[in-house]
Amino acid sequence: MRKLKKNWGAYLLFTVFSALFFILVVRFMTLQITGEAEGRDLAAQAQAQYARSQILEAERGKILDRNGEVIAEDTQTYKIVAVLDENLTTNEENPRHVMNPESTARTLSQYLDLTESEILDILTLDRKQVEFGTEGKDIPLEIKQQIEDEKLPGIFFLQDLKRFYPNGIFSSHLIGYAQPEATDDGMVKTIGKMGIEKNLNDFLEGKSGELSFETDARGYLLPGGEEAIKKARDGHDVYLTIDKKIQTFLEDAMSQVSEEYNPGNMFGVVADAKTGEILAMSQRPTFDPDTRVGLSDNWYNQIVESTFEPGSTFKTFSLAAAVEEGVFNPNATYQSGSYDVLGQKISDHNNVGWGTISYLEGVQRSSNTAFAKLLELMGDDVYRNYLDDFGFGQITGIDLPNEAPGQILYNYPLEKVTTIFGQGTTVTPLQMIQAETAIAGDGQMKRPYVLSKVVNPDTGEAVYEGETEISGQPISADTAAKVREYLASTITSEVGTGQPFSIPGYEVSGKSGTAEIPDPNTGGYMRGRDNYLFSFMGMAPADDPELIVYVGVQQPALPLDEIGSVPVSKVFNSVMLNSLKYRNIQPAEAPVKENVSVKDYTDQNVSDVRQELEAAGLEVIVLGTGSVIKSQSAVDTDLIAGEKLILVTDGDLTIPDLTGWSYRDVVKAAAAADLQLNATGAGFAVQQNVTADTIITQDQPLTVKFETPEETRTRLSQPEEESELPQD
């Protein structure tokens, strides 16, 4: 009986173990066949536990100038991190956390833009790991290595890619900027936000790759474990037509003028006259694409997206239309001064004109009346067709976003007349550049463009190439040559408004302009001496232009003795001269007229000295009835040809008619004659207390009233109604 009980117990134990074994076998077979447990994929779970991956970040394509000089690129930077958790240190001889916050703060303050106390505050926070804000990011390799050489426990670096703009303020609104942004899949990508960076983001943006490898449960790499690499595909490189050297010339000149005159706005464009390529483009206000400082002052590319009334620079194309139609005779004469449009008076910029003059002199003096008469001769419908042919009122199609078309204001008789000299109708700088290429060449217009090519960095092959494109032929080659000749005379003529834009050794052809600025509060135009857009668009060399430069300076703070063309010329002349030399365009062989050297002529005969200096090109003004020179306005210096030199004689003192004299010239005359000057207003002399050529005593003050052209125009127009017109 006892033996039976014992066998029964053994049998029961065997049965239990057999059942368990059967369950295990079934479970094993089920897992092998289905690969699932409780609805979960075991293979995927194992892979998730033992596989690790690392994103291989793609490099964003470079932006380069026409010569391969880098304008924007990704660069390796580093972020500094401090570990404060002392539990991470398992070996006292090799600490992995910050052991001495005070000493560490003292050392790091030598490398970071933070004080020792600021760093110490961060290092004593109750956290396991800390960063150092903006000052601890974008650390260059050199500084990283120097900090690592200090062997600071607990200080580590994380590697990062940063978009870098090595030239700082450099055609910033054209280039734009890119910045990191979180995407929907949780990754961080560098995205173009403005300009070329945004417009060509699909080309510039690469595709990230992935490195996968196997680890054990503790995270260590498994020997012989599988490793897979999905390569990153870097973005395409974008080459622009911009020339870094010429762009630098433009940026430097604009920065100097901006600092000196504090204008409301400025723009500058340099183009290849033969191809339409944009070689430089800038504006003020501008911003630094690295820091974005200044971006809030102006978000848009005003050269592409903004329109304005061009003023007398527009007469370039009006002249071309008149020449092409055969109605411009440079030697024919007309009565300058004013032109009547259905009872409304249109005046020349000096309000009274210059009497009966030739049409060529009218162009040189920028006479509104001359162009109003030319419109009458060619017919307003004919001229309207030329506006279309020159591309106004239409986008140029440049490879940049948000281009504005401008507006041709040409519905009523007054609008038609004002359009011919650049008022009412609005344009963009790009439209003006495009139209100017027809004047600069054989009458064919070239569409402006900034994108030279897009290159695949892996193959070196261009996936896109820009090229010169003819956008129209509004005039003949013969007309273009004549217009260049006529416009060159606005600079070389003694009465030309373009005189400030003369460049030694090179013949410049171009047209200046002074456009009124619409006042959004009144619906009219702004008032005041500085409230104009002063501009000049010129090309050189005049006989076969290589470069076109267009500069506009709006509302500069002008000194009393300067006119609006001065700040414009400081940009144009510098950029054009340096760019011509840089492109190895040689000066003309003809000798350049030198400045006039002025010596001390005291006690010399006034007639002899006057004859000598006038022959040299100076305008000599004699004060007094004597024959011997007693004093002069300049001594031992060089004066520009055409400039006034005041000579005071030993006889009775006389004062000439000062009407039209600049503030500076009147000051020079008063100083030379040792007279007290009481001046009111600004601009040009319109009234004096001494009758011209009458004797004045030394103790009698000289009182002179000055007015700006706009003030003079308003005064002379009363009570007669007169349209608001730009000066030039």
Side-chain angles (χ1 to χ4, degrees), residues 63-72 165-175 196 239-261 263 265-289 301-303 429-430 432-433 436-437 440 448-450 452 491 500-510 512 534-542 545-553 556 565-587:
I63 300 177
L64 309 104
D65 84 336
R66 64 191 298 112
N67 300 313
E69 296 281 346
V70 173
I71 298 174
Y165 302 89
N167 304 303
I169 293 174
F170 184 92
S171 196
S172 302
H173 286 83
L174 169 63
I175 306 302
I196 292 292
Y239 288 77
L240 303 180
T241 61
I242 296 294
D243 189 305
K244 181 179 177 181
K245 194 74 173 179
I246 296 178
Q247 182 71 40
T248 301
F249 293 151
L250 180 62
E251 296 290 358
D252 289 348
M254 291 185 68
S255 292
Q256 291 174 10
V257 169
S258 180
E259 182 176 351
E260 183 176 357
Y261 293 92
N265 285 293
M266 290 177 65
F267 68 81
V269 186
V270 184
D272 187 310
K274 299 185 183 302
T275 65
E277 293 170 288
I278 302 299
L279 303 176
M281 177 189 292
S282 189
Q283 66 187 64
R284 297 292 183 275
T286 188
F287 70 98
D288 187 325
N301 186 339
Q302 67 186 60
I303 294 170
L430 281 179
M432 297 286 282
I433 289 288
E436 188 81 342
T437 61
Y449 66 102
V450 297
S452 178
I491 296 163
F501 304 96
S502 173
I503 298 178
Y506 297 91
E507 187 178 15
V508 176
S509 176
S512 62
F534 304 100
S535 63
F536 183 79
M537 183 167 59
M539 61 195 102
E546 296 282 346
L547 297 174
I548 297 170
V549 178
Y550 186 23
V551 177
V553 180
S565 59
V566 174
V568 179
S569 69
K570 289 183 177 181
V571 178
F572 176 89
N573 295 16
S574 172
V575 172
M576 179 63 88
L577 178 59
N578 288 326
S579 298
L580 290 171
K581 289 182 176 179
Y582 163 67
R583 294 188 63 154
N584 201 29
I585 299 170
Q586 299 301 319

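Treat the numbers as computed from the prediction; the structure is a model and nothing was measured.
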Applying side chain to side chain contact (heavy atoms under 4.5 Å, CB included) to Phe267 and Val551, what does each step give before you reach the verdict? CA-CA 6 Å; Phe267 68 81; Val551 177; 5.9 Å; no
Give the intermediate values and the outcome of side chain to side chain donor-acceptor pair (under 3.5 Å) for residues Asn167 and Lys244. CA-CA 9 Å; Asn167 304 303; Lys244 181 179 177 181; 3.3 Å; yes
Output, in order, the C-alpha distance, side-chain angles, deciding distance and verdict of side chain to side chain contact (heavy atoms under 4.5 Å, CB included) for Val270 and Phe249. CA-CA 10 Å; Val270 184; Phe249 293 151; over 6 Å; no
Carefully, step by step, assess Phe501 and Asn573 under the rule side chain to side chain contact (heavy atoms under 4.5 Å, CB included). CA-CA 6 Å; Phe501 304 96; Asn573 295 16; 3.8 Å; yes
Set out, in order, the CA-CA distance, both residues' side-chain angles and the distance that settles side chain to side chain contact (heavy atoms under 4.5 Å, CB included) for His173 and Thr286, then state yes or no. CA-CA 7 Å; His173 286 83; Thr286 188; 3.9 Å; yes
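With rounding to the nearest 0.5 angstrom, the OG atom of Ser258 is 10.0 Å from the CG atom of Asn265. Between the CD1 atom of Ile175 and the CD1 atom of Ile71 there is a distance of 4.5 Å, given to the nearest 0.5 Å. Summarising the geometry, atom CD1 belonging to Ile503 is positioned 6.5 Å from atom CG belonging to Leu580; distances are rounded to the nearest 0.5 Å. One distance of note links CZ of Phe287 with CD1 of Ile169; it measures 9.5 Å at 0.5 Å rounding. For the atom pair OG1 (Thr437) and CD1 (Ile433), the distance works out to 8.5 Å, reported to the nearest 0.5 Å. Note that the CD1 atom of Ile242 and the OG1 atom of Thr248 stand 10.5 Å from one another [nearest 0.5 Å].
For the pair Tyr449 and Ile278, the minimum side-chain heavy-atom distance is 4.5 Å or more. Annotation: side chain of Ser535 is not in contact with side chain of Val553 (no heavy-atom distance under 4.5 Å). Put simply, the side chain of Ser172 reaches to within 4.5 Å of the side chain of Pro289, judged on heavy atoms. In this structure, the side chains of Met254 and Ser282 come closer than 4.5 Å at one or more pairs of heavy atoms. Side-chain contact check for Glu507 versus Pro541: every heavy-atom pair is 4.5 Å or farther apart. Under the 4.5 Å side-chain criterion, counting only non-hydrogen atoms from C-beta, Pro263 is not in contact with Pro567. Counting heavy atoms from C-beta outward, Leu240 and Asp65 have side chains that stay 4.5 Å or more apart. Inter-residue side-chain proximity for Met537 and Phe572 is flagged as unmet; no heavy-atom pair is nearer than 4.5 Å.
Outside the 6.0 Å centre-distance limit, the rings of Phe536 and Tyr550 are not counted as a close aromatic pair.
The backbone N or O of Met539 lies less than 3.5 Å from no partner atom in the side chain of Ser509, so there is not a single donor-acceptor pair. Looking at Gln302, its side chain never comes within 3.5 Å of a backbone N or O of Gln283 through a donor-acceptor pair. Formation of a donor-acceptor pair under 3.5 Å by the Tyr506 side chain with backbone atoms of Met576 is not found in this model.
Of the residues listed (Val549, Ile303, Ile548), the one engaging Val269 in a side chain to side chain contact (heavy atoms under 4.5 Å, CB included) is Ile303, and it is the only one. Each of Asp243, Leu547, Asn578 was evaluated against Arg583; a single residue qualifies, Leu547, per the side chain to side chain contact (heavy atoms under 4.5 Å, CB included) test.
Scored by the side chain to side chain donor-acceptor pair (under 3.5 Å) test, Gln256 finds no partners at all (sequence neighbours excluded).
Comment: Lys570 engages Glu260 in a salt bridge, judged by a side-chain N to carboxylate O separation of less than 4.0 angstrom.
Residue-environment remark: NZ (Lys245) stays at or below the threshold of 12 foreign heavy atoms within 6.0 Å.
The two residues Ser579 and Val575 make their nearest non-hydrogen contact at OG-O, 2.7 Å. Here the closest heavy-atom approach between residue Gly68 and residue Tyr239 is recorded as CA-CE2, 4.0 Å.
Sequence neighbours left out, the pairs with a member in residues 278-287 that pass salt bridge (Lys or Arg N to Asp or Glu O under 4.0 Å) are Glu251-Arg284.
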